[in-house]
Structures are given as structure tokens and as C-alpha cells.
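These notes concern the structure reproduced below.
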There are 2 protein chains.
Amino acid sequence: MSAANPERDADYLGRLRDYYAENRRIPSFQRIAELMGFASKAAASKLMDRLAHAGFFERAPDDDAWVPGERFFERPLAEMAVRAGAPDMIEASQGQLFLVDRYLVRQPSRTVMVPVKGDSMIDAGIHDGDIVVVVRTKAANAGDFVVAIVDNEFTLKELALERGKFVLKPHNPAYPIIRPQGELEIFGVVSGLVRRYRD
Amino acid sequence: MSAANPERDADYLGRLRDYYAENRRIPSFQRIAELMGFASKAAASKLMDRLAHAGFFERAPDDDAWVPGERFFERPLAEMAVRAGAPDMIEASQGQLFLVDRYLVRQPSRTVMVPVKGDSMIDAGIHDGDIVVVVRTKAANAGDFVVAIVDNEFTLKELALERGKFVLKPHNPAYPIIRPQGELEIFGVVSGLVRRYRD
DNA sequence: TACAGTAGTGAACATTCGTTCTGTCGTGGG
DNA sequence: CCCACGACAGAACGAATGTTCACTACTGTA
């Protein structure tokens with residue numbers, strides 16, 4: 001090969017990712033050409049072939065439409081400590097890549113996202129408005145953060161042992177420890193957390 | 001109205017969600033008709049109008065293609081309090097895998113994931129080992145959490161104004177406020193956060 | 001310097017797409 | 001009972017789509 005230009009394709013890929021984030025769909029060849037400044041759709045077609053070959057796109061199983069591939073959702077991962085060269089070097093740093101969903105969700109069929117209400121766990125760094133990743137299971141251990149069902153309501157607390165009985169311990173001194181009289185119904189265990197800051 | 005049937009539309013919506021989970025795209029009217037058993041595309045068009053009116057679909061800002069709306073990805077657990085039926089009712093089909101990434105990343109080409117080292121922001125609920133979502137930009141405002149470059153190292157702090165000058169304020173009383181003598185180089189602004197709890 | 005591989009051009013083509021219109025059928029309210 | 005309304009059928013239409021092919025421009029290598 002003589003004139004392959006990976007940088008240019010990386011730039012094109014960035015624009016396609018931005019388009020997808022905004023429109024939640026892959027543009028048509030016509031619009032790809034407009035976005036990239038091509039004058040012909042064939043160039044867009046070849047670009048997609050290249051990116052598909054690199055794993056960023058696939059064909060839909062149903063029809064032949066383009067669909068984001070695995071690597072399309074990869075995000076660059078920058079290390080804070082190791083800062084050697086110019087700051088812009090870090091972008092392409094070491095090819096370290098990060099899949100958000102894969103990082104957080106390991107068993108999709110058993111995983112639920114639950115928005116957090118209230119600040120009873122604020123000392124554990126779980127704020128009102130955060131979204132916790134919950135794996136549905138009854139098997140929780142003391143020390144786990146769990147979503148339990150108390151008085152027909154969901155509540156997020158730490159599962160703790162107190163004199164051989166399970167209790168729900170908030171991480172906020174303003175809240176009391178919950179000592180269920182009957183049995184304690186566990187909805188799931190918190191396995192992750194997601195927070196979005198205002199724009 | 002005389003023959004509106006919300007149940008039937010709910011079933012249709014379920015099939016559309018399944019299709020989207022598999023193909024990561026919304027089918028054409030033609031294929032919708034096949035999926036639902038319609039004999040005409042017009043029926044599919046009207047179905048989409050109904051579902052769009054209910055908030056499950058939208059038109060893409062760019063062209064007029066159909067695009068999943070807000071409620072399309074809505075997880076059946078949004079309301080923690082309202083717990084009516086059996087807990088297994090809450091289970092959902094798949095299709096959730098992309099929610100997190102979509103929730104956090106809005107401008108993919110400018111977004112970097114940065115692991116957090118240290119506990120200088122612990123009072124803001126940002127712990128050691130968390131991963132922050134950083135939008136690369138120099139344009140930060142006071143009050144933003146920023147990743148700045150100080151002494152050739154990354155540091156995560158709140159950007160604050162002190163007597164008309166920008167300073168970096170930790171959220172941990174054990175750390176001092178950083179008052180850069182020269183100018184302050186901003187790497188990016190924190191727009192989100194991801195945390196994973198040990199399994 | 002000559003060559004080979006790649007990115008992009010420009011036009012033609014059949015196919016598929018979404019839209020629109022008229023019409024049929026069943027149901028629920030007056 | 002009748003009538004209005006909503007779901008769906010069915011066909012027609014222009015616009016947009018993806019594919020293909022021959023061609024040009026550029027660039028690094030032998």
C-alpha cells in the first residue's frame with residue numbers, strides 16, 4: 001500500500017461518531033459525502049468499506065443497512081499521571097480504548113439501571129440524581145450496596161450485619177439504620193454508578 | 001375515539017424494540033409492515049405517527065428519518081416508589097446496552113475517559129478509581145470540574161474564581177487550593193462519571 | 001523514473017424509500 | 001339502529017438510496 005491515510009479516516013470516523021450521537025443513525029452515503037466534503041457518493045461508500053473492515057461498522061443482519069460495530073463505541077482512555085509529551089499526544093495515546101457499556105454492564109439480562117433519589121448515601125459518593133447499575137440477585141453479602149424493598153418501596157443502602165441480623169445502613173449520619181422486623185427483600189446489588197454533570 | 005387500542009400498540013412497540021436491539025436501527029415502513037403483519041406501508045406509517053406522538057420515536061434533526069425517542073430506551077423501573085406488580089415484571093428485554101454510553105457521551109470526537117487518581121475530590125463524590133468523562137475544551141467556566149495540566153501533570157479540580165484569577169479548588173480539606181502563577185492550561189471539562197464496584 | 005496502490009470523481013442504473021390518496025372493515029357511542 | 005372514528009388495505013408517485021464502472025490525481029516505493 002502506498003497512500004493509505006489513517007489519520008484522515010480517523011477524522012472521518014470522528015465526524016461520523018458525532019453525527020451518530022446527534023442523530024442516532026448513520027447518515028446516507030449522500031450525506032456522508034456532504035459531511036466529509038466528497039463530491040461523489042462512491043467515495044462515501046469506499047470510506048464505509050474501509051471503516052467496516054477496521055471493525056467500526058457492520059451490516060445489519062436483517063437488511064443490508066450500515067450499523068455501528070463494536071469499535072464504534074470505543075472511547076479513548078487517557079492516563080492522568082503519565083503525561084510525557086504534548087497534551088495532544090494523549091488523544092491517540094497507546095491505543096488504550098474503553099467501552100463504557102461493557103465496563104459497567106457484564107450481565108445485560110440481569111442488569112437494571114436505577115436512578116437515585118435522595119442523599120442517604122452521600123458519604124459513599126452516591127448523590128441524588130446519579131444512576132446506579134444494579135445486578136438483580138438475592139445473594140448479597142454484608143458490605144454490599146444493595147437495592148432493597150422496604151415497605152413496598154425501593155431503597156438504596158449498605159447491607160450490614162448487626163448482632164447476626166441483616167440491617168440496612170445509610171451513609172449519611174442524618175439517616176437512621178433500618179432494622180427490618182420481618183425478612184429483608186433484596187432486589188439487587190449495586191455494581192456500578194453513572195453520573196452526568198450539567199451541560 | 002372509538003377503536004383506539006393501546007395494548008396492540010404496546011405489542012407493536014415491543015417488536016420494534018426487539019428489532020432495534022438486534023439491528024441497531026429502525027426498520028423501514030416496508031419491513032415494519034412485514035413484522036407486524038400489515039399488508040400496506042401506510043399502516044406502518046400511521047403506527048409510527050402514533051408511537052411518535054407518545055414519545056417513543058422522533059424525527060432525526062438532520063434528515064427526516066425515524067429515530068428512537070426518549071421513551072424508547074426507557075427502562076421499566078424509572079419510578080422507584082411505584083412498585084405495583086411482581087418484581088419479575090420489571091425485567092426488560094435487551095436493547096439497554098447502549099444506554100450508558102449514549103447517556104454520557106454527547107460529542108464523541110471530543111470526549112476522553114480519564115481514570116481518577118487520589119481523593120482530592122472526594123467531597124464531591126469523586127473517588128479514587130472512578131473514571132470521569134472529559135470533554136476536551138479550553139473553554140471552562142468557574143464552577144466546572146476540570147482536568148487541568150499543572151507542572152506537567154493532570155489534575156482534577158474545580159475551577160474557581162479568586163480575586164479575579166482562576167484557581168483550582170480541591171474538594172477535600174486536606175488539600176490546598178492551587179493558585180497557578182503562570183497561566184492555567186485546561187485539558188477539558190468533566191461531563192460525567194463512571195464507577196464500578198468490585199464484583 | 002516508472003509503477004502500483006489508494007482516495008476521490010462523475011454519471012448511470014435499478015431498487016427501495018416515504019408520502020399521499022381513496023376505500024374497506026369493525027367497533028363503540030348516541 | 002346508525003354513524004363517526006380509528007385501524008388497515010392497496011396502489012400510485014417522485015425522491016432518495018446503494019451499487020457499479022471507468023476515470024483522474026496523488027504518493028510512496030522499487
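Predicted model only: the values in this text are computed from it and were never measured. Because only heavy atoms are used, hydrogens play no part in the values below, and waters and symmetry mates are left out as well, while side chains stay in.
- Protein atom CZ of A:R8 is 10 Å distant from nucleotide atom C1' of C:dG8, rounded to whole Å.
- Rounded to whole Å, the distance from CZ on B:R25 to C1' on D:dG18 is 12 Å.
- Computed from coordinates, the B:I32 CD1 to D:dC8 P distance equals 12 Å when rounded to whole Å.
- B:R195 and A:L104 make their closest contact through O-CD2, 3.4 Å (heavy atoms, listed as atom of the first residue, atom of the second, distance).
- Over its length, the helix from C:dT1-D:dA30 to C:dG30-D:dC1 turns its helix axis by 30°, as judged from the five terminal pairs at each end, rounded to 10°.
- Taking atom CG of residue A:D9 and atom C1' of nucleotide C:dT6, one finds them 11 Å apart after rounding to whole Å.
- Distance, B:F29 CZ to D:dA9 C1': 16 Å, rounded to whole Å.
- Atom C1' of nucleotide C:dT19 and atom CH2 of B:W66 are separated by 12 Å, given to the nearest angstrom.
- Taking all atoms of both residues into account, the shortest heavy-atom contact from B:A139 to B:V189 is O-CG2, 4.3 Å.
- For A:E70, the CD atom counts as loosely surrounded, since its 6.0 Å shell holds 12 or fewer non-hydrogen atoms of other residues, nucleotides or ligands.
- Using a 4.5 Å cut-off between side-chain heavy atoms of Ile, Leu, Val, Met, Phe, Trp and Tyr, A:V67 forms no hydrophobic cluster with any other residue.
- Relative to the ring axis of B:Y20, B:R25 does not place its NZ or CZ within 45° and under 6.0 Å from the centre.
- Listed by residue number, the members of residues 37-57 of chain A with any heavy atom below 4.0 angstrom from DNA chain D are A:K41, A:A42.
- Hydrophobic clustering of Ile, Leu, Val, Met, Phe, Trp and Tyr side chains at less than 4.5 Å, counting indirect connections, unites B:W66 with B:L51.
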With a 3.5 Å cut-off and sequence neighbours excluded, list the donor-acceptor pairs that the side chains of residues 120-129 of chain A form with protein atoms.
residue	atom	partner	partner atom	Å
A:S120	OG	A:K157	NZ	3.2
A:D128	OD2	A:G118	N	2.5

Hey, can you pull the donor-acceptor pairs under 3.5 Å for the side chains in residues 160-174 of chain A, sequence neighbours left out?
residue	atom	partner	partner atom	Å
A:E162	OE1	A:R179	NE	2.7
A:E162	OE2	A:R179	NH2	3.0
A:H171	NE2	A:E158	OE1	2.4
A:N172	OD1	A:A174	N	3.0
A:N172	ND2	A:D119	O	2.9

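- Among the atoms of the strands shown, only primed sugar atoms or phosphate atoms (P, OP1, OP2) are found under 4.0 Å from some heavy atom of A:R59.
- Summarising the geometry, the separation between CG on A:L35 and C1' on C:dG8 is reported as 16 Å, rounded to the nearest angstrom.
- The distance between atom CZ of B:R31 and atom P of C:dT15, rounded to the nearest whole Å, is 16 Å.
- Regarding contacts with the backbone of C:dC17, a side-chain N or O of B:Q30 is found under 4.0 angstrom from either OP1 or OP2.
- By the side-chain contact (heavy atoms from CB on, under 4.5 Å) test, B:D62 is found to be paired with A:Y19, A:N23, A:R31, residues two or more places apart in sequence or in another chain being considered.
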